[in-house]
Protein chains: 2
Amino acid sequence: MSTQSEKHAVLSERLKSCDVRPTPQREVVLKVILEKRDHPTADEIFARVKAQMPTISLATVYNCLETLVGCGIVRQVNLERAPTRYCPNLHEHAHFHDEQSGKIHDVDLPAEIMTRLREVLPPGFQASSIELNFRGSAKPATS
Amino acid sequence: MSTQSEKHAVLSERLKSCDVRPTPQREVVLKVILEKRDHPTADEIFARVKAQMPTISLATVYNCLETLVGCGIVRQVNLERAPTRYCPNLHEHAHFHDEQSGKIHDVDLPAEIMTRLREVLPPGFQASSIELNFRGSAKPATS
DNA sequence: GTAAGAATTAGAATAATTCTAAATAGATGC
DNA sequence: GCATCTATTTAGAATTATTCTAATTCTTAC
């Protein structure tokens with residue numbers, strides 16, 4: 001089990017390794033995103049962060065998120081013009097949007113599929129990123 | 001070559017076949033989308049439609065688009081929370097977003113890939129639709 | 001021809017996000 | 001250690017795509 005200050009150090013290092021100044025605001029925003037990986041929106045993150053740092057402003061949350069996304073620590077998830085959601089899973093993965101529950105699930109992608117996907121592009125097209133979203137219903141097999 | 005009234009009849013039939021009343025507004029919106037398939041936004045569609053029907057309102061364009069999307073005649077394309085774009089290509093296809101030019105290209109998807117994609121889902125997950133977006137740069141081979 | 005329902009319209013409202021300008025904090029050079 | 005310079009945070013205003021509202025106009029059915 002890790003202490004409060006150990007956790008803090010991990011967050012801080014994570015930020016420094018990206019040449020980002022580890023401000024208290026950035027750390028708490030990152031902490032909240034890592035803690036509950038349910039693809040929260042900026043508003044949800046704001047609410048969770050305020051519980052720990054009541055004086056933080058929404059603009060700062062947006063600023064921090066922009067920074068974290070910019071340095072690749074978190075990823076934006078955009079589905080159908082709904083509010084942007086944030087995801088700390090850095091593996092190449094797809095998203096499954098359960099229409100019943102509204103929940104978003106991460107779906108791991110075999111490397112082989114990604115290669116295959118790039119092959120469907122016509123000559124001259126070079127993909128720097130691929131976004132894959134499923135929509136449907138998920139029956140919890142176990143849970 | 002088809003006459004004006006023949007074109008009109010085609011549009012009208014297309015709408016009727018979906019149990020949608022073929023109003024002049026819906027026809028002109030559909031016409032504009034079919035005519036120039038460059039994935040226009042609602043604003044761009046509004047501008048193009050106004051050239052032919054200056055009294056139409058933006059709200060009506062949105063209403064018509066909603067109707068056309070609802071009955072499956074056109075498809076929405078959402079990339080990164082940018083304004084929604086509209087696409088009359090009904091084949092199962094992906095989109096390639098050229099970051100240089102901002103243009104969106106349709107990419108045909110072999111049925112085999114789609115099957116393969118459904119297979120990556122864990123048991124219990126049933127996808128009703130799959131959205132696939134590429135981002136990168138496209139060098140025009142011919143053009 | 002009239003009543004009922006559907007579609008259109010202009011403009012107001014909404015909501016997520018970005019911008020602005022001022023205040024604060026932190027780092028750097030001396 | 002202190003002044004300065006830059007980066008960050010903040011509150012609130014601004015922006016913008018889209019949706020809503022309520023009134024009007026069209027269609028359709030009888």
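Quick note on labels: first sequence line is chain A, next is B, and so on, each numbered from 1.
- Atom NZ of A:Lys50 is separated from atom P of D:dA11 by 9 Å (rounded to the nearest Å).
- The interatomic distance linking B:Phe46 (CZ) with D:dA17 (C1') rounds to 14 Å, in whole Å.
- Using a 4.0 Å heavy-atom distance criterion, B:Thr23 is classed as a sugar-phosphate-only contact.
- Nearest nucleotide to the side chain of B:Asn63, out of C:dT9, D:dT19, D:dT10: C:dT9.
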Between N or O atoms, less than 3.5 Å apart, protein on one side and nucleotides 21-27 of chain C on the other: list the pairs.
none

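- Between the A:Thr67 side chain and the A:Asn63 main chain, a donor and an acceptor come within less than 3.5 Å of each other.
- Going from atom CG of A:Leu68 over to atom P of D:dT8 covers 12 Å, rounded to whole Å.
- Put simply, the side chain of A:Arg75 never gets that close to the backbone of A:Pro88: no donor and acceptor are under 3.5 Å apart.
- An OP1 or OP2 oxygen of C:dT17 is reached within less than 4.0 angstrom by a side-chain nitrogen or oxygen of B:Arg81.
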| request: Using the side chain to side chain contact (heavy atoms under 4.5 Å, CB included) rule, take A:Glu80 and A:Arg135 through it: C-alpha gap first, then chi angles, then the decisive distance, then the call. | output: CA-CA 11 Å; A:Glu80 307 267 301; A:Arg135 173 179 326 286; 3.5 Å; yes

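- Applying the 4.0 Å criterion to OP1 and OP2 of C:dT17, one finds that A:Tyr62 has a side-chain N or O inside that range.
- Ion pairing between A:Arg48 and A:Asp43 fails under the 4.0 Å rule for side-chain N and carboxylate O.
- Protein atom CD of A:Glu80 is 14 Å distant from nucleotide atom C1' of D:dT18, rounded to whole Å.
- Within the 4.0 angstrom heavy-atom criterion, no nucleotide atom of any strand lies near B:Thr41.
- A heavy-atom distance below 4.5 Å is not found between the side chains of A:Ile104 and A:Phe96.
- Distance CG (B:Asn78) to P (C:dA16): 16 Å, rounded to an integer number of Å.
- Among the nucleotides C:dC19, C:dA10, D:dT9, the one closest to the side chain of B:Ser57 is C:dA10.
- B:Arg116 places a side-chain heavy atom less than 4.5 Å from the side chain of A:Ile113.
- The nucleotide whose nearest atom lies closest to any side-chain atom of A:Ile56 is, among C:dT17, D:dT18, D:dT10, D:dT10.
- Clustering ILVMFWY residues whenever any of their side-chain heavy atoms sit less than 4.5 angstrom apart, transitively, puts B:Val10 in a cluster other than the one holding B:Val20.
- The terminal axes of the helix from C:dG1-D:dC30 to C:dC30-D:dG1, fitted over 5 pairs per end, subtend an angle of 30° to the nearest 10°.
- Put simply, the side chain of A:His93 reaches to within 4.5 Å of the side chain of A:Cys87, judged on heavy atoms.
- With contacts defined as side-chain heavy-atom distances shorter than 4.5 Å, the pair A:Val107/A:His95 does not qualify.
- For the pair B:Lys16 NZ and D:dT28 C1', the computed distance is 14 Å after rounding to whole Å.
- Protein atom CE of B:Met53 is 12 Å distant from nucleotide atom P of D:dC26, rounded to whole Å.
- Atom-to-atom, CD of B:Glu44 to C1' of D:dA17 comes out at 13 Å; the value is rounded to the nearest Å.
- Remark: B:Gln25 is not in phosphate contact with D:dC26, judged by side-chain N or O atoms under 4.0 Å from OP1 or OP2.
- Looking at B:Thr84, B:Asp106, B:Asn89 one by one, the single match for side chain to side chain donor-acceptor pair (under 3.5 Å) with B:His39 turns out to be B:Asp106.
- Looking at the side chain of A:Arg26, the nearest of the listed nucleotides C:dA10, D:dT8, D:dT18 is D:dT8.
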